[in-house]
Amino acid sequence: MDIPKQYDPKQAELHHYERWETAGYFAPEINKDPNAPVFTIVIPPPNVTGSLHMGHALQHTIMDVMTRHKRMTGYRTLWLPGMDHAGISTQLMVNRELKKEGKNRHDLGREKFVERVWKWKADSGGQITVQMRREGASVDWSHERFTMDEDLSRAVREVFVRLYEDGMIYRGNRIVNWCPQDQTVLSDLEVDKAPQAGKLFYLQYPVKGSDRRITVATTRPETMLGDTAVAVNPNDERFRDLVGATVQLPLTNRDIPVIADEYVDMEFGTGAVKITPAHDPNDYEMGLRHKLPEVVVIDQFAKMTKDAGDRFAGLDRYKAREKVVEEFEQVGLLEKVIDYEFSISRCERCKTVIEPLISTQWFMRMDGLRDLALELMSEKHKPAFVPEVPYERIYTNWLENLRDWTISRQLWWGHQIPAWYTKNGEVVVARSEAEARAKAGTSDLIQDQDVLDTWFSSALWPFSTLGWPNVTEDLKTFYPSSVLVTARDIIFLWVSRMVMMGAKFMGREPFDDVFITGTILDSQGQRMSKTKMNGVDPVEVFDKYGVDATRLTLAQVGTTDIRWNEKQVESYRNFANKIWNAARFCLLNSEGASVDAGLLVLGPQASSPAPMSSQAQVGNTAGDVTYGPSIHDRWIISRLNKTAISVNQALAAYQFHEAVQTLYHFFWDDFCDWYIELTKNDVTGEEATQQRNNARSRVITVLEQALRLLHPFMPYITEELWQRLPGVGKQSLHPAYADAEPTIMLAAYPAGDTSLIDEEAEWEMQATIDLISRVRNIRSEMNIKPGERVRVLVGAPDERLRSVYNSAGAQISRLVRASEISISDRLEAPRASARAVLVGGAELAVPLEGLIDFDQERQRLRREQEKLQSEATKLEAQLQNSNFVERAPAERVAEVRNRIADIAQRTSQLQQTIENLQ
RNA sequence: AGGCACGUACGUCAAUGGUAGACGGCUUCCCUUACAAGGAAGAGGUUGGGGGUUCGAAUCCCUCCGUGCCUACCA
């Protein structure tokens, strides 16, 4: 058999995915057990414009680990993929294309433009679906959905109509975030706020009928043209007499009142605020309170209107700012200008500065929906956030302070609002134009030109993708989903809205749990972003280290923020190579052997022979009777079962880091470093004896179980190797998948069996490991050449220990390169020996005639003694404390006493040894 | 401004209130017939500072210092 010495991830990544996909292994229908429990995840739909970034790779890895684990455990699993139409992003993308052709969307007109977007999607959208296949994501592509699919669009219209009929959607005039570039309204969540250096202008307004002036401070002088009041705090002594007065608004011929409002902060600026209800959200609110007129001086293109006055009309807002300041200076009303840093709002997509404008938009009333979500949390504790702290509170606090949601957008790409207007301006909301005509009693209707916020359709994702409003089999089977995996920055934008919509239209939460992943930062601790150019491309990492190594790195990120560290991936690349070579060893020694779970049951309870390796436990048939199992055989089975139990527990608790660590150490430390080494003598025998073949079968069976355990994390290498193992086949599959062709992804996940945990074997094995480590330590410290053989003398008063050492004698000799090993009840060794103290009062000596430096040896032993002594000192101090002895659990106190006794024995043995060296 | 996290080895991160660990890096030795992407043996910590609760604190409480995130507002 020809197996390369190095694992080549690309080779393994080439074929398996396609086979899994075309064979239908990802689809829930592959599971033939009618009573199988169900596990569902809906993917957070990436933007159709997007390509894979680290955040996706992280989320997908975690979702895939869970899905593959559940699938192997026998669940009917659905991981539903799809994409979001991403209104603004996509429209921008196509706009840019048009620009290159010297056109804009208005040249095409709405219909042609939308066609063009669909064409763009067909040609170059959905890069990410290719990358997801590379990742190994076991999503069911037959369930792939797009938020603009006809079915999903129908769900959108249905929800809109029902909410409208319930009075929860309304049309109104409000101040909104307006993007002058994209020509659309934006929700608060689509606006980026960032501090920026600017200036604060102090403007003086003359008070009528007096020679006083009142000074207001502003960062946006151009808006003064639309001022309709000056506000002061009612408790402010400085302005008390001015409340009710009239001021002459400079550069205009308007008179405006001085009003009093609690909102005004006396400490800030001059304590007097100019009020521009049409161009500032807070002023707008105040305007409503005081019934102030709204003078619109800036239009939707951020240019000044004619109401700004003839001199300003048509000017860009920043030009107008300069001119206003200039004119104030000329008339001597500019008091001062100071440098001032304030935060400025920009469009999240195009980065243009937002202009607050009053405009007619559609809104969703959130109070009722909010209450439904809060009720789910308080009464059913759904959804359960992982980690619960701090996300549950962040989520509920936000809900409690929720404002109405602006749902209309002035875009062409998206779900056009299902509202029609008659000639008389009547509004008809309907599921279709036909229904609208019937309702209105006329066919002379014009549909609202706006589309819905992209997040409107995303909010329906957990049920719209399953066929709602039809009550389909999918909907009945897979709703609610089991867990949502996402990043923390869309808890409000998306998670909360799905919960509200799920509660409203499905009557229950859309998912049981919400797993919030950590954030992957760059090596400087900065967030990765396109603008900073500090992102790491997951595909490049795949190419360099392999998908499996990258997945392992990402899986252990879990919920904590971490700095990206390529060294970690490299280390898991090495781990993959270790797996490869362990398998290589097994395969090179596999003649006459076969995977057989029966060989793994070696305990006294081994019972009837019934080969059922597909059972989700590590075998259950009679073991090797002819040639009794060795300690290391019993030991590795114990370790394997402990590992399986621990990994299952960790996964159930979303402890991915724990699961990865457990698997890593089981495979590398227990299986490779000890088990393979200890079993090598038997496995590499020249003669094809039953004993050799059993040993071969056993090691290959342990390997097979380990590959299953690793599969959810490392799908490619495990499948690649598993396919090569002798003895795997249909019988390896979980019973629910009995019809499928053999694949590790449908094999039964080892559950672990507590009855196969063998503490006795673990203790005995530990004694052996201890002995080997001691001899190696001596070799190393005494600078004994690797090729040089040593004699090992062991004295063990305990009979059990002697038998342990005896039975492992050959392996020990091999691993410490001993020429001979002699075990007796009392150590008798030449004076010129290096010595060590072992467990249970046993001692060890390595005769080093002519090699030993007595001084050096004494020092080595004293260091050993000191280590023990300092530990003993601490423990004794604990025992001195009567409170500890009285109050700590008896078990704990006993532990300390035992340890002290053990140390005392070792110390005195060491003392003896040192004295004998004199 | 308010709120919330975090601070552990040189680096990145673990650790139900019970002897602080892993990986990488570092030192020494070894291309020993699965693997040098490897093997063996080591060094490295008063868990940011101070105080408290407790028999016992990395862990719980207070405080200071440092870092990050979120929310609101900054006229």
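So that the names make sense, note that chain A is the first sequence line, chain B the second, and so on, each numbered from 1. Fair warning: this is a prediction, and the values are worked out from it, not measured in the lab.
Base engagement by A:Cys672 is indicated by at least one non-hydrogen atom pair under 4.0 Å involving a base atom. Using a 4.0 Å heavy-atom distance criterion, A:Asp673 is classed as a sugar-phosphate-only contact. Looking at heavy-atom distances under 4.0 Å, A:Val264 makes contact with a base. Within 4.0 Å (heavy atoms only), A:Phe268 reaches at least one base atom of the nucleic acid. A:Thr219 comes within 4.0 angstrom of the backbone, heavy atoms only, and of no base. Nucleic acid contact for A:Arg814: none, since no nucleic acid atom lies under 4.0 Å from a heavy atom of the residue.
Between A:Glu222 and A:His279, every side-chain heavy-atom pair lies at or beyond the 4.5 Å cut-off.
Distance CZ (A:Arg779) to P (B:G42): 14 Å, rounded to an integer number of Å. A:Tyr391 has its OH atom 15 Å from the P atom of B:C4, to the nearest Å. In this structure, A:Arg488 places its CZ atom 7 Å from C1' of B:C69, rounding to the nearest Å. For A:Ile491 and B:C69, the CD1 to P distance is 16 Å, given to the nearest whole Å. Between the CG atom of A:Asp283 and the P atom of B:A75 there is a distance of 10 Å, rounded to whole Å. Distance A:Glu788 CD to B:U32 P: 17 Å, rounded to the nearest Å. Per the geometry, CG belonging to A:Leu493 stands 10 Å off P belonging to B:U71, to the nearest Å. Taking atom NZ of residue A:Lys544 and atom C1' of nucleotide B:A37, one finds them 13 Å apart after rounding to whole Å.
Atom-to-atom distance recorded for A:Ile491:CD1 and A:Tyr391:OH is 6.0 Å, nearest 0.5 angstrom.
Nucleotides B:G3 and B:G45 place their C1' atoms 33 Å apart, quoted to the nearest Å. Rounded to the nearest Å, the gap between the P atom of B:U12 and that of B:G50 is 23 Å. Rounded to whole Å, the P atom of B:G7 lies 13 Å from the corresponding atom of B:C61. If you take atom P in B:A57 and the same atom in B:G39, they sit 39 Å apart, rounded to whole Å. The same atom, P, is picked in B:U8 and in B:U67; the two are 14 Å apart, to the nearest Å. Distance noted for atom C1' between B:U47 and B:C60: 16 Å (whole Å). Nucleotides B:G11 and B:U54 have their P atoms positioned 36 Å apart, rounded to a whole Å. B:A14 and B:C6: their P atoms are spaced 11 Å apart (whole Å).
Remark: the A:Glu781 side chain and the B:A41 base include no donor-acceptor N/O pair separated by less than 3.5 Å. In this model, a side-chain donor or acceptor of A:Arg573 finds a partner on the base of B:A37 within 3.5 Å.
Heavy-atom nearest nucleotides on RNA chain B were determined for A:Arg817 and for A:Asn397, and the one closer to the 5' end corresponds to A:Asn397. For A:Asp561 and A:Asn581, each mapped to the nucleotide of RNA chain B holding its nearest heavy atom, the one lying further toward the 5' end belongs to A:Asp561.
If you check B:A34, B:A5, B:C13 against the side chain of A:Glu677, the one that comes closest is B:A34. Considering only side-chain atoms of A:Phe884, the nucleotide from B:A41, B:G18, B:A75 that sits closest is B:G18. For A:Lys680, taking side-chain heavy atoms from C-beta onward, the closest of the listed nucleotides B:A34, B:U12, B:A75 is B:A34. Distance from the side chain of A:Ser780 is smallest to B:A41 among B:A41, B:A34, B:A75. Among the nucleotides B:G18, B:A34, B:U71, the one closest to the side chain of A:Lys578 is B:A34. You'll find that the side chain of A:Asn577 is closest to B:A37, out of B:A40, B:A75, B:A37. When distances are taken from the side chain of A:Thr560 to each of B:A14, B:A75, B:C4, the shortest belongs to B:A14.
One finds no salt bridge joining A:Arg692 and A:Asp682 here, because no Lys/Arg side-chain nitrogen approaches an Asp/Glu carboxylate oxygen to under 4.0 Å. Between A:Asp902 and A:Arg906 there is a salt bridge, since at least one side-chain N of the basic residue sits less than 4.0 Å from a carboxylate O of the acidic one.
Listed by first and then second residue, the salt bridge (Lys or Arg N to Asp or Glu O under 4.0 Å) pairs that reach into residues 224-234 of chain A are A:Asp227-A:Lys274, sequence neighbours excluded. Annotation: salt bridge (Lys or Arg N to Asp or Glu O under 4.0 Å) contacts involving residues 656-677 of chain A, sequence neighbours excluded, comprise A:Arg639-A:Asp670, A:Glu677-A:Lys680, A:Glu677-A:Arg814.
Annotated stems with RNA chain B as a participant read B:1-7 with B:65-71, B:10-13 with B:21-24, B:26-30 with B:38-42, B:48-52 with B:60-64, given as range with range, by first number; only runs of 3 or more Watson-Crick or G-U pairs under 3.5 Å qualify.
With sequence neighbours excluded, no residue forms a salt bridge (Lys or Arg N to Asp or Glu O under 4.0 Å) with A:Glu866. Not a single side-chain hydrogen bond (donor to acceptor under 3.5 Å, both in side chains) links A:Trp564 to another residue, sequence neighbours left out. Judged as a side-chain hydrogen bond (donor to acceptor under 3.5 Å, both in side chains), and not counting sequence neighbours, A:Tyr202 has no contacts. A:Tyr545 is linked by a side-chain hydrogen bond (donor to acceptor under 3.5 Å, both in side chains) to A:Glu566, counting only residues two or more places apart in sequence or in another chain. Residues passing the salt bridge (Lys or Arg N to Asp or Glu O under 4.0 Å) test with A:Arg213, sequence neighbours excluded: none. Not a single side-chain hydrogen bond (donor to acceptor under 3.5 Å, both in side chains) links A:Glu294 to another residue, sequence neighbours left out. In this structure, A:Lys567 has no salt bridge (Lys or Arg N to Asp or Glu O under 4.0 Å) partners at least two apart in sequence or on a different chain.
A:Gln556 and A:Tyr664 are not linked by any side-chain donor-acceptor pair at a separation below 3.5 angstrom, with hydrogens and angles left out of the test.
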What are the atom names and distances for every N/O pair under 3.5 Å that joins the protein to nucleotides 19-24 of chain B?
from: B:U19; atom 1: O2; to: A:Glu871; atom 2: OE2; distance (Å): 2.9
from: B:A22; atom 1: O2'; to: A:Gln661; atom 2: OE1; distance (Å): 3.2
from: B:A22; atom 1: O2'; to: A:His665; atom 2: NE2; distance (Å): 3.3
from: B:C23; atom 1: O2'; to: A:Ser571; atom 2: OG; distance (Å): 2.9

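Near RNA chain B, meaning a heavy atom under 4.0 Å away, there are no residues from residues 768-775 of chain A.
Closest non-hydrogen pair, A:Val324 versus A:Pro221, comes out as CG1-O, 3.8 Å.
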